[in-house]
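Just so you know, these numbers use all the heavy atoms, side chains as well, and skip hydrogens, waters and symmetry mates. Numbered from 1 within each chain, the chains take letters A, B, ... in sequence-line order.
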Protein chains: 2
Amino acid sequence: MGTGKDDPGTVWAIPPEVCPARTVVEVLANKWVMYVMGMLRHHGAPMRFNQLRRSLPGITQKMLTQTLRMLERDGLVCRTVHPTAPPQVEYELTPLGREAGEIAHAVGEWSAAHADEILAARRDFDNRASGELEPVSP
Amino acid sequence: MGTGKDDPGTVWAIPPEVCPARTVVEVLANKWVMYVMGMLRHHGAPMRFNQLRRSLPGITQKMLTQTLRMLERDGLVCRTVHPTAPPQVEYELTPLGREAGEIAHAVGEWSAAHADEILAARRDFDNRASGELEPVSP
DNA sequence: CTGCATCCCTGCGGATACTG
DNA sequence: CAGTATCCGCAGGGATGCAG
């Protein structure tokens, strides 16, 4: 590294669209994906649709459905329909999904651990920013 | 876990808006944040604006500026202006940012490692989906 | 070189209503 | 309960131009 040239050799630098890895990064780099994966991994057992819905404050039914279908499509979540009445559908992480769930977990842990530092930095920044513009009055 | 009740006790389940940890999760759960952090951590040294720009195919100047300012605001990236001509600005990870960079790195590695599995699952899903709707012709 | 401002448009994502 | 469909607002984010 640091040869003076812009070095590729990492996911981040690989050309444009159809780089598979970037596609996957962009799957994970999603708010609701993080929440859903994090919750499923935290719960440690299959969860029903509305159970998941209720456990994730702020998520709408649309976003949950959409997110779950994406994750199912990508093989990270397994959807099981029990032919009962009323219908019962359970979602659980696949083996691959469990790995992704660990990442979501790590993100959650790190966020919780450093939230105060980050919010503090944010306040500092905002204060300094406003302090450099208003001290003069015409 | 699995007490039968929806259990809180994790970042994902904490109430609504002003939960600090959730705010931070949503900072990280961002495509360009991942790319920028991943690249800075990969490069291992301060990077200039356009160097960063060129190293991240597809990013626009607006998004890069915006992302960098966010990260600076949150104390994850440090911005240093060298009073030369032409102006030279360098960005590097802060200690806190370096930790976040490790997460981005992990995401990148995992994505690269499992991209094929995920894309395969995706194709399977799409094939099965279309196969269940078109077999009949009027 | 760095980066702010403006225009503008697509699509994310929220609310609501309806089926199986 | 689970899920689809529709409407729609708004902001994310691309393109371009200008300034320090």
Side-chain angles (χ1 to χ4, degrees), chain A residues 4 6 16-17 22-23 25-36 39-40 46-73 77-92 125-126 129-130 132-133, chain B residues 4 6 16-17 22-23 25-36 39-40 46-73 77-92 125 128-130 132-133:
Chain A
D6 303 340
E17 280 313 306
R22 286 185 62 149
T23 308
V25 170
E26 290 173 28
V27 168
L28 267 6
N30 175 307
K31 176 179 162 179
W32 294 123
V33 167
M34 286 287 183
Y35 283 97
V36 169
M39 178 51 77
L40 283 175
M47 292 182 79
R48 299 188 45 188
F49 186 87
N50 277 332
Q51 181 185 13
L52 206 40
R53 177 167 174 28
R54 269 177 283 113
S55 74
L56 296 174
I59 199 169
T60 63
Q61 156 274 358
K62 179 182 179 178
M63 280 300 98
L64 182 53
T65 303
Q66 190 170 300
T67 304
L68 285 171
R69 293 194 84 73
M70 257 192 49
L71 294 174
E72 187 195 359
R73 188 170 103 109
V77 156
C78 176
R79 177 174 179 270
T80 311
V81 183
H82 295 90
T84 62
Q88 183 165 338
V89 182
E90 288 192 326
Y91 295 90
E92 64 185 321
F125 184 90
D126 292 347
S130 61
E132 284 165 12
L133 292 172
Chain B
D6 305 339
E17 281 313 305
R22 287 185 61 147
T23 308
V25 170
E26 291 173 27
V27 168
L28 267 7
N30 175 310
K31 176 180 161 180
W32 293 123
V33 167
M34 286 288 182
Y35 284 99
V36 169
M39 177 52 76
L40 283 175
M47 291 182 78
R48 299 188 46 188
F49 185 85
N50 276 332
Q51 179 185 15
L52 207 39
R53 180 169 173 25
R54 269 177 284 115
S55 75
L56 295 174
I59 199 170
T60 62
Q61 163 273 350
K62 179 181 179 179
M63 281 301 98
L64 182 53
T65 303
Q66 191 171 298
T67 304
L68 285 170
R69 293 194 82 75
M70 259 192 48
L71 294 174
E72 186 195 359
R73 188 171 103 109
V77 156
C78 176
R79 176 174 180 271
T80 311
V81 182
H82 295 91
T84 63
Q88 183 165 339
V89 184
E90 289 192 325
Y91 295 90
E92 64 186 321
F125 185 89
R128 265 181 287 109
S130 60
E132 283 165 14
L133 291 171

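A:Arg73 pairs by the side chain to side chain donor-acceptor pair (under 3.5 Å) definition with B:Asp126, not counting sequence neighbours. A search for side chain to side chain donor-acceptor pair (under 3.5 Å) contacts involving A:Gln61 returns nothing, not counting sequence neighbours.
In this structure, A:Met70 and A:Val27 have side chains that are in contact, with non-hydrogen atoms separated by less than 4.5 Å. Contact check for B:Leu40 versus B:Leu71: no side-chain heavy atoms found under the 4.5 Å cut-off.
Atom CD of residue A:Glu92 and atom CE of residue A:Met47 lie 12.5 Å apart, to the nearest 0.5 angstrom. In this structure, CE in A:Met39 is found 5.0 Å from CG in A:Leu56, a value given to the nearest 0.5 Å. In this structure, the separation between OG1 on A:Thr67 and OH on A:Tyr91 is 11.0 Å, given to the nearest 0.5 Å. Atom-to-atom distance recorded for B:Thr80:OG1 and B:Arg48:CZ is 12.5 Å, nearest 0.5 angstrom.
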With a 3.5 Å cut-off and sequence neighbours excluded, list the donor-acceptor pairs that the side chains of residues 29-36 of chain A form with protein atoms.
residue	atom	partner	partner atom	Å
A:Asn30	OD1	A:Trp32	N	2.8
A:Asn30	OD1	A:Val33	N	3.1
A:Tyr35	OH	B:Arg22	NE	3.2
A:Tyr35	OH	B:Glu26	OE2	2.6

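Contacts between chain A and DNA chain C, taken as any atom within less than 4.0 angstrom of a protein heavy atom, begin and end at C:dG13 to C:dG20.
Comparing B:Arg69 and B:Pro86, the nucleotide of DNA chain C nearest to each residue sits closer to the 5' end for B:Pro86.
If you check every strand for non-hydrogen atoms under 4.0 Å, B:Arg53 touches nothing.
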From CA spacing to verdict: side chain to side chain contact (heavy atoms under 4.5 Å, CB included), B:Leu68, B:Arg79: CA-CA 9 Å; B:Leu68 285 170; B:Arg79 176 174 180 271; over 6 Å; no

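One can place CG of A:Leu68 at 11 Å from P of D:dT4, the figure rounded to the nearest angstrom.
At a non-hydrogen distance threshold of 4.0 Å, nothing from residues 77-85 of chain A comes into contact with DNA chain C.
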Heavy-atom protein contacts under 4.0 Å, nucleotides 7-16 of chain D, coded B base, S sugar-phosphate only, - none: ------BBB-

